[in-house]
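Remember, it's a predicted structure, so these values are computed and weren't measured experimentally. Just so we're on the same page: letters track the sequence lines, and every chain starts at 1. Computation of the quantities below employed the complete heavy-atom set of this structure, encompassing side-chain atoms and omitting hydrogens, waters and symmetry-equivalent molecules.
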Amino acid sequence: MDIDFKNSLNDRQYEAVRMYNGPVLILAGAGSGKTRVIIYRIAYLLQQGIPQKSILAVTFTNKAAREMSTRVRDLVGRNLRNLTISTFHAFGSKILRECIHILGYRLNFSIYDQQDKVTLLKDLAREAGFKNDSLDLYAVSNIFSGIKMGRLRWTSFTDQYKDLYSEYNSHLKLYNAVDFDDLITLPIELLKGYPDILKKYRDRYSYFMVDEFQDTSLIQYEFIKLIAYHTKNLCVVGDDDQSIYSWRGANYGNILTFEQDFPGYKEIKLEQNYRSTGKILLAANHLIAHNKNRKEKKLWTGTEDGEFLQFSIHDNEKCEGEFIAEQIKSLKMKNRYSYSQFGVLVRTNSLTRSIEEAFVYANIPYKVSGGMSFFQRKEVKDIISYLRIIANPDDDMNLLRIINVPRRGIGKKSIQYITQVAINKSCSLYSAIMAICHASDADINKKANTELSDFAGMIEYYRQKFFSRNKMADTLKSLVEHIDYWGHLVQEHKKGNTARWKYMNVEGLINSLADYENDPDNPEPGLYSYLNRITILTNDDNQNTQDEDKVNLMTIHSAKGLEFDAVFTAGVEETIIPHTRSIEEDASNIEEERRLFYVAITRAKKYLFLTACRQRRKKGKVIDVQISPFIDEIPDDLIEVYEEEDTFTQEDAENYFQKMRRGFERE
DNA sequence: CACTACACATGCACG
DNA sequence: ATGTGTAGTG
C-alpha cells in the first residue's frame with residue numbers, strides 16, 4: 001500500500017485522516033469531501049497496522065456502505081473481508097445472529113419490515129375489537145416505534161393503544177420475529193445485560209467511525225457508545241445543516257451530546273466546498289443562516305462564481321414539467337452533458353408524476369428512485385414468505401400470507417379452525433397444521449385436510465432441500481414452479497403484460513438468491529442470512545447504478561449525498577417546502593424544512609433551477625399556490641426570476657381575472 | 001365453504 | 001394499482 005495521503009487531501013482533510021486516536025468530531029459541510037476523508041482515514045488506519053477486523057464504520061444506507069467498501073478496497077488495492085462497514089441495522093442484525101438465543105429467540109428469527117408490522121397490527125387490532133377504519137395503523141405503528149426507541153412516552157391520548165402494543169410485542173416474540181426497531185434495541189439489551197457479550201464486541205472492535213452522524217437517533221448513539229466508549233477511538237462525521245430525518249428519530253443534538261460525553265475531543269471543520277459554484281454556495285449559505293439552531297460554519301469555494309440561479313414560475317405543473325424538459329434538452333446540447341448529469345428533485349414522491357409525463361412526451365430517458373423497492377413488491381413478498389416459513393415455521397404472519405396463495409382451498413373456516421387448535425395447544429399455526437394432519441379425529445372436512453397435508457408436506461420437502469443442498473436458487477425455482485405461481489399470476493392479472501412483468505420480478509428474486517449464494521466474498525451464504533439481508537435493504541439499495549444515461553428524478557431526501565451538474569428543484573411552493581403537514585405538526589419544524597431545501601440546493605455543481613407553479617392540481621382539485629418563503633431568503637443578486645407568460649388555454653381563461661389580480665399583488 | 005367477480009375507496013411527506 | 005367488502009355461484 002503506497003498512498004500519498006498528503007497530496008490527495010487538503011490540510012484539514014489530512015489532519016482529520018491522521019488523527020486516529022481518541023474522540024474526533026468532523027463537521028463536514030456539504031460537498032467538502034466527507035466521504036473521501038472517511039475512505040482515506042480507513043486506509044490510514046490500515047497503514048498504521050491496525051487490523052481490519054478491529055475497524056467498525058457505520059453508514060446510513062447499505063448503498064453507502066457498499067460504496068465505501070469498494071472505494072477503500074480500490075484505494076488500498078486488496079480485498080478487505082474482515083473490515084466491517086455496515087448500517088446500524090445491519091450491524092444490529094449481525095449481533096442478533098450471533099447471540100439472540102440468549103433473549104429467548106431462535107437463530108432463525110424473521111425480521112419484519114414496516115409493511116409486515118402494519119399487517120400484524122391490522123390482525124391484532126381486529127382481534128382487539130378496534131373497528132377496521134377507526135384507526136390509522138400507519139400512525140399507530142409510528143407511535144409504537146417512538147415508544148420502543150424511547151423518543152415518545154405514553155400520553156393520555158396514546159394510552160388506548162397500550163394493550164395493542166404489548167400484544168404486538170408478544171406476538172413478535174411468539175412468531176420468533178423482530179422488527180426494525182428491535183434490531184437496535186435488542187443488541188443494546190444484550191450488551192447492557194450480559195457483560196461477556198459486551199466484552200466480546202469490545203475486544204473485537206477498537207476503532208469506530210460513524211458517518212452522517214446528524215442522522216443518528218439517541219438510541220443508535222447509545223448503541224455505538226456502548227461498544228466504543230472504552231477505547232474512545234470514536235470518530236463521528238456529520239453536518240447539522242443536513243439533518244433531515246428528525247421524523248424517524250434523528251437527533252443532531254447528538255453532536256452536542258458527543259461533546260459532553262467525550263471531553264477533550266478534537267474538532268475539525270471541513271469548510272472548503274469542492275462541488276458548487278460560488279453563486280450556488282453563497283445562496284445556500286444565506287439560506288441556512290436563517291436557522292437559529294446550528295453550529296456556525298462558512299462554506300467557501302475557490303472556484304468561479306458561475307451562473308445565476310434560475311427561479312421560474314409557471315401556470316401549472318404541466319408547464320413546469322415542460323419547462324424542465326426543455327431546459328434539460330438545451331443544457332444538454334449546450335454543454336454536451338449526458339442525461340445522468342441532471343437531477344430533478346421534489347419534496348414528495350407524488351410530485352414526480354407530472355414531470356415524468358413531460359419527460360415521456362419529450363423523449364427524455366429518466367429513472368425515478370424511491371417508491372416501492374423491489375423486495376416490497378407483492379409478488380416478490382409472496383415468494384419471500386415461502387422462504388420465511390421454510391426458515392422459520394413459527395412465523396404465523398407469513399404463514400397466513402401464503403397459506404392460500406396461490407388458492408389451494410384453505411379458506412376462512414379452515415384458518416379459523418387451525419387458529420383454534422393452535423390456541424388450544426399454544427403452538428404456532430404451522431405446528432397446528434402438522435398436528436391436524438396427523439390426528440385422526442381432526443374436526444375438519446376431508447378436502448381441507450388433504451390440502452393442509454399437501455401444503456405441509458411441500459414445505460417440509462423444500463425445507464429439507466434448502467438445508468441439504470447448496471443450490472438454494474435452483475430449489476427456489478422448483479418451488480415456484482411447484483406451486484404454479486405463474487398460473488396464479490395469470491389468473492389474477494388477465495389483461496396486459498402484468499403477469500409477465502410480475503413473474504420477471506419473481507425470477508429477479510431467484511437470481512438475487514443465486515448471486516447471494518455464489519458470491520465468493522460472502523462469508524455466510526445461508527438462507528437465514530439471505531432473508532435477514534434482503535429485509536434490511538432500503539430503497540436506495542437496488543437502484544441501478546449510474547451506468548445508465550438517464551435523468552435522475554427523486555425526492556430531496558433520497559438525493560442526500562448525491563451531486564449533479566444541473567439540479568432542478570420543482571414545486572418550490574409554500575405548502576410543499578415547507579410542507580404543510582410538517583409545519584402543522586410543529587411550527588419549529590420550519591428549520592428542518594429549511595435544511596431540506598438547503599440539501600436540495602447544495603446538490604448542484606454548476607446549474608440550479610428552482611421552479612414553482614401558480615396553480616397545482618392536488619387530489620383532483622386545482623388550487624392556487626404561493627411561492628415558497630425560502631425564495632426570499634436567497635439574495636436577489638444571485639437569482640434570476642422568470643415568470644412564464646400566461647398561456648391562454650381554456651383552463652387559464654377561467655381564472656384569468658384571478659391571476660391578473662395576483663400578478664398585481666406581487667408587484 | 002371457498003371462489004369469483006365486481007364495486008369501492010384510497011393513494012400514508014420524507015426511509 | 002392495491003386492498004376490502006359484498007353478492008352470487010359451484
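- Following rounding to the nearest Å, A/Glu379 (CD) and C/dG3 (P) show an atom-to-atom distance of 10 Å.
- With hydrogens and angles left out, the side-chain atoms of A/Ser217 and A/Tyr245 include no donor and acceptor closer than 3.5 Å.
- Taking atom CD of A/Glu584 as the reference point, atom C1' of B/dC12 lies 14 Å away to the nearest angstrom.
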**OP:** Could you go through the side chain to side chain contact (heavy atoms under 4.5 Å, CB included) check for A/Asp116 and A/Leu120 one step at a time?
**Re:** CA-CA 6 Å; A/Asp116 300 327; A/Leu120 176 55; over 6 Å; no

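- Residue A/Ser582 has its side chain nearest to B/dA13 when only B/dG15, C/dT2, B/dA13 are considered.
- Listed nucleotides: B/dG15, B/dA13, C/dG3. Nearest to the side chain of A/Arg347: B/dA13.
- Going from atom CG of A/Leu553 over to atom P of B/dC14 covers 13 Å, rounded to whole Å.
- Regarding A/Leu562, its CG atom lies at a distance of 13 Å from the P atom of B/dG15, rounded to whole Å.
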Write down the protein N/O and nucleotide N/O pairs, taken from nucleotides 4-7 of chain B, whose separation is under 3.5 Å; answer none if there are no such pairs.
residue : atom : partner  : partner atom : Å
B/dT4   : OP1  : A/Gln491 : NE2          : 2.7
B/dT4   : OP2  : A/Arg407 : NH1          : 3.1

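- Between the NZ atom of A/Lys63 and the P atom of B/dG15 there is a distance of 13 Å, given to the nearest Å.
- A close approach under 4.0 Å does not occur between any side-chain nitrogen or oxygen of A/Lys378 and OP1 or OP2 of C/dA1.
- A salt bridge does not link A/Glu492 to A/Lys502: none of the charged nitrogens lies less than 4.0 Å from a carboxylate oxygen.
- If you check the side chains of A/Ser141 and A/Tyr168, you find no donor sitting under 3.5 Å from an acceptor.
- Within 4.0 Å of A/Ser414, counting heavy atoms only, lie sugar-phosphate atoms of the nucleic acid but no base atom.
- In this pair, A/Phe144 and A/Tyr165 present their aromatic rings perpendicular. The plane angle is above 60°, beyond the 30 to 60° band.
- Side-chain proximity of A/Tyr245 to the nucleotides C/dT2, B/dG15, C/dG3 is greatest for B/dG15.
- Within residues 567-579 of chain A, the residues having any heavy atom closer than 4.0 Å to DNA chain B are, in order of number, A/His579.
- Between the side chains of A/Asp395 and A/Tyr112, at least one donor N or O lies within less than 3.5 Å of an accepting N or O.
- For A/His557, the listed nucleotide lying nearest its side chain is B/dG15; candidates were B/dA2, B/dG15, C/dG3.
- With hydrogens and angles ignored, the 3.5 Å screen pairs no side-chain donor or acceptor of A/Thr216 with any backbone N or O of A/Tyr221.
- The A/Glu593 side chain lies nearest to B/dA13 when the options are C/dT2, B/dA13, B/dC3.
- Backbone-only engagement by A/Lys412 is indicated by non-hydrogen atom pairs under 4.0 Å involving sugar-phosphate atoms exclusively.
- Side-chain contact, A/Gln220 with A/Glu222: no donor N or O sits under 3.5 Å from an acceptor N or O.
- The separation between A/Lys560 atom NZ and B/dG15 atom P is 12 Å, rounded to whole Å.
- When each of A/Gly409 and A/Glu585 is assigned the nucleotide of DNA chain B bearing its nearest heavy atom, the one mapping closer to the 5' terminus is A/Gly409.
- A/Ser453 and A/Thr450 share no donor-acceptor pair across their side chains, judged by distance under 3.5 Å alone.
- To the nearest angstrom, C1' of B/dC1 lies 17 Å from NZ of A/Lys446.
- OP1 and OP2 of B/dA13 both lie 4.0 Å or more from every side-chain N or O belonging to A/Asn349.
- Spacing between atom CG of A/Asp136 and atom P of B/dC12 amounts to 12 Å, rounded to whole angstrom units.
- Nearest-nucleotide positions on DNA chain B place A/Ile410 closer to the 5' end than the other of A/Ile410 and A/Thr555.
- A donor and an acceptor atom never sit less than 3.5 Å apart when one is taken from the side chain of A/Tyr138 and the other from the base of B/dG11.
- Applying the 4.0 Å criterion to OP1 and OP2 of C/dT2, one finds that A/Lys502 has a side-chain N or O inside that range.
- Using cut-offs of 30° and 60° on the angle between ring planes, the pair A/Tyr485 and A/His488 is tilted.
- For the residue pair A/Thr84/A/Ser86, the side-chain donor-acceptor check at 3.5 Å is not satisfied.
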